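So the structure is just underneath, and the comments pick up after that.
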Amino acid sequence: CETCSEEEAKYRCPRCMKYSCSLLCVKKHKLTLSCNGVRDKTAFVSVNEFTDLNLLSDYRFLEDVGRTADAAARHPTVHSPATRKLLYCLRNNARKYNIDLRTLPIGFTKRRENSTTFNGTEKKFYWHLKLVFPHCHAEYTLKGVPEDKTLADILKPYIDPVESDPVVCHRLKIYTMSPQSDVQILMKIENRRQNSVRYNELDASRSLLDNLKGKVIIEYPTLFVVLKTQKNEMVVLGQ
């Protein structure tokens, strides 16, 4: 068992492939690694390892996508004038800032989660934002983040040794103990092949809006906070 290292393993997590011996250890590993236990149906599989089971899995996945899209298209909210007006407003104003903001159909998780708004009086975006800390397997969701706030200020409540919350600070200990110069903020580049994932490196000293200009955003930005000294599989564009 990779959780308690005492008993013989009986179960294997479909998501992260960790071995567990009991229900207690299964729950503990899910909590520790923020793992939902659901197999990643879109994970890359090389041609050499591709089997009939993978083909069947892909086929069922596409069927699920088709059903979800069809149900979303029939949802009454899709045809609501207020919904169409709101989405048009968000996309149109994002375009003025050279941001390609794309929205998903009703029913998709990111569409349901997204709380991004545009204040017409202030002419200002308030973004829904997700922060991912891969080295600690932690994720945090922020709502109403003003566009003119710098990334450094956004991260302070999480990785600043003085200003961060004690509970968060303890969970992100590896980040709070590292120098600020070691912190790197990345954002995934959309519309690339699954086996060619690349990331843009963002500037922590600049505002959220400045960092999003010229980029494709699907619903809301997801920022990955990594440490340069720690090994990770994220490849920055150009490397």
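Remember, it's a predicted structure, so these values are computed and weren't measured experimentally. Sequential numbering from 1 along the given sequence is applied to the chain's residues.
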Next on the checklist: Working to the nearest 0.5 angstrom, can you tell me the gap between Cys13 SG and Arg15 CZ?
Outcome noted: 8.5 Å

Item to check | Pair Arg198-Ser196, side chain to side chain contact (heavy atoms under 4.5 Å, CB included): steps then yes or no | outcome: CA-CA 6 Å; Arg198 294 292 182 273; Ser196 180; 4.3 Å; yes

Next on the checklist: So which atom in Asp203 and which in Leu151 form the shortest heavy-atom distance, rounded to 0.1 Å?
Outcome noted: O-CD1, 3.7 Å

Next on the checklist: Within a 6.0 Å radius of atom NZ on Lys213, are there more than 12 heavy atoms belonging to other residues, nucleotides or ligands?
Outcome noted: yes

Next on the checklist: For residues Met187 and Leu131: do they belong to one hydrophobic cluster (side chain heavy atoms under 4.5 Å, members Ile, Leu, Val, Met, Phe, Trp, Tyr)?
Outcome noted: yes

Checklist entry - Do other residues, nucleotides or ligands put more than 12 heavy atoms under 6.0 Å from Glu63 CD? => result yes

Item to check | With Ser22 via side chain to side chain donor-acceptor pair (under 3.5 Å) - residues at least two apart | outcome: none

Show me the donor-acceptor pairs within less than 3.5 Å that the side chains of residues 166-178 make with the rest of the protein, sequence neighbours left out.
unit_1, atom_1, unit_2, atom_2, d
Arg171, NH2, Ser34, OG, 2.9
Arg171, NH2, His137, O, 3.2
Tyr175, OH, His135, N, 3.3
Tyr175, OH, Val225, O, 2.7
Thr176, OG1, Lys173, O, 3.1
Ser178, OG, Ile174, O, 2.7

Next on the checklist: Could you check whether Lys110 makes a cation-pi contact with Tyr220, meaning its NZ or CZ is under 6.0 Å from the centre of the six-membered ring and within 45° of the ring axis?
Outcome noted: yes

Next on the checklist: Applying the side-chain contact (heavy atoms from CB on, under 4.5 Å) criterion to Phe125, which one of Ile99, Val145, Leu90 satisfies it?
Outcome noted: Leu90

Checklist entry - Salt bridge check: are Asp58 and Arg60 linked by an N-O gap of less than 4.0 Å? => result no

Checklist entry - Is it true that Tyr158 and Tyr140 have ring centroids separated by less than 6.0 Å? => result yes

Next on the checklist: List the residues meeting side-chain contact (heavy atoms from CB on, under 4.5 Å) with Pro146, not counting sequence neighbours, and say none if there are none.
Outcome noted: Lys124, Tyr126, Asp148, Lys149

Checklist entry - When you look at Tyr199 and Phe224, which way does the ring pair (Phe, Tyr, Trp, His ring centres under 6.0 Å) test go after all the steps? => result CA-CA 9 Å; Tyr199 294 82; Phe224 295 85; 5.5 Å; yes

Item to check | Ion pair check, Glu219 and Arg102, cut-off under 4.0 Å | outcome: no

Next on the checklist: Restricting to non-hydrogen atoms, name the atom on Cys21 and the atom on Cys1 that form the minimum distance, rounded to 0.1 Å.
Outcome noted: N-SG, 3.5 Å

Next on the checklist: Is there a side-chain contact between Leu186 and Asn200 in this structure, where contact means two heavy atoms from C-beta onward sitting under 4.5 Å apart?
Outcome noted: no

Next on the checklist: Nearest 0.5 angstrom please: Leu208 CG to Asp153 CG, how far?
Outcome noted: 11.5 Å

Next on the checklist: Regarding Asn48 and Ser46, do their side chains bring together a donor and an acceptor under 3.5 Å, going by distance alone?
Outcome noted: no

Checklist outcome for this item: Contacts of Thr121 meeting side-chain contact (heavy atoms from CB on, under 4.5 Å) (sequence neighbours excluded), chain-then-number -> Asn119

Checklist entry - Counting only heavy atoms not in Asp52, do more than 12 sit closer than 6.0 Å to its CG atom? => result no

Checklist entry - Would you say Leu212 and Tyr97 are hydrophobically clustered, going by side-chain heavy atoms of ILVMFWY under 4.5 Å? => result yes

Checklist entry - Are Leu129 and Phe118 in one and the same hydrophobic cluster, where Ile, Leu, Val, Met, Phe, Trp and Tyr link if side-chain heavy atoms are under 4.5 Å apart? => result yes

Next on the checklist: Quick check: do Lys130 and Leu223 have side-chain heavy atoms less than 4.5 Å from each other?
Outcome noted: no

Checklist entry - If we only count heavy atoms from C-beta on, is the Arg39 to Ser57 side-chain gap below 4.5 Å? => result yes

Checklist entry - Has the side chain of Glu2 got a donor or acceptor atom that lies under 3.5 Å from a matching backbone atom of Tyr19? => result yes

Checklist outcome for this item: Value for CG (Asn36) from SG (Cys16), rounded to nearest 0.5 Å, stands at 9.5 Å

Next on the checklist: Can you list everything that forms a side chain to side chain donor-acceptor pair (under 3.5 Å) with Ser181? Sequence neighbours excluded, please.
Outcome noted: none

Checklist entry - Of all heavy-atom pairs between Gly37 and Lys30, which one has the smallest distance, and what is that distance? => result CA-CE, 4.0 Å

Checklist entry - Any idea which heavy atoms bring Glu147 and Ser207 closest together, and the distance? => result O-CB, 3.6 Å

Checklist entry - Is there a donor-acceptor pair closer than 3.5 Å between any side-chain N or O of Thr116 and the backbone N or O of His128? => result yes

Checklist entry - Which atoms form the tightest heavy-atom contact between Asn54 and Glu49, and what is the distance? => result OD1-O, 3.4 Å

Checklist entry - Can you check whether Asn93 reaches Arg95 side chain to side chain, under 4.5 Å on heavy atoms? => result no

Item to check | Within one Ile-Leu-Val-Met-Phe-Trp-Tyr cluster: Val183 and Leu142, side-chain cutoff 4.5 Å | outcome: yes

Checklist entry - Can you find a pair of side-chain heavy atoms, one from Leu155 and one from Phe133, that are under 4.5 Å apart? => result yes

Next on the checklist: Any non-hydrogen side-chain atom of Lys215 less than 4.5 Å from a side-chain atom of Asp100?
Outcome noted: no

Item to check | Reference residue Lys27; test side-chain contact (heavy atoms from CB on, under 4.5 Å); the match among Leu23, Leu31, Leu24 | outcome: Leu23

Checklist entry - To the nearest 0.5 Å, how far apart are CD in Glu201 and CG in Asn211? => result 10.0 Å

Item to check | For Thr3, all residues meeting side chain to side chain donor-acceptor pair (under 3.5 Å), sequence neighbours excluded | outcome: none

Checklist entry - So do the side chains of Thr150 and Ser205 get within less than 4.5 Å of each other, counting heavy atoms only? => result no

Checklist outcome for this item: Distance col, row Ile154:CD1 vs Ile159:CD1, nearest 0.5 angstrom, shows 11.5 Å

Checklist entry - How long is the span from the OG1 atom in Thr32 to the NZ atom in Lys18, to the nearest 0.5 Å? => result 10.5 Å

Item to check | For the student: nearest non-hydrogen atoms of Arg111 and Leu104, plus distance | outcome: CD-O, 2.9 Å

Next on the checklist: Asp70 vs Arg67, test: salt bridge (Lys or Arg N to Asp or Glu O under 4.0 Å). Steps then yes/no.
Outcome noted: CA-CA 5 Å; Asp70 183 61; Arg67 281 193 294 269; over 6 Å; no

Item to check | Common cluster, Phe108/Ile217, ILVMFWY with side-chain heavy-atom separation under 4.5 Å | outcome: no

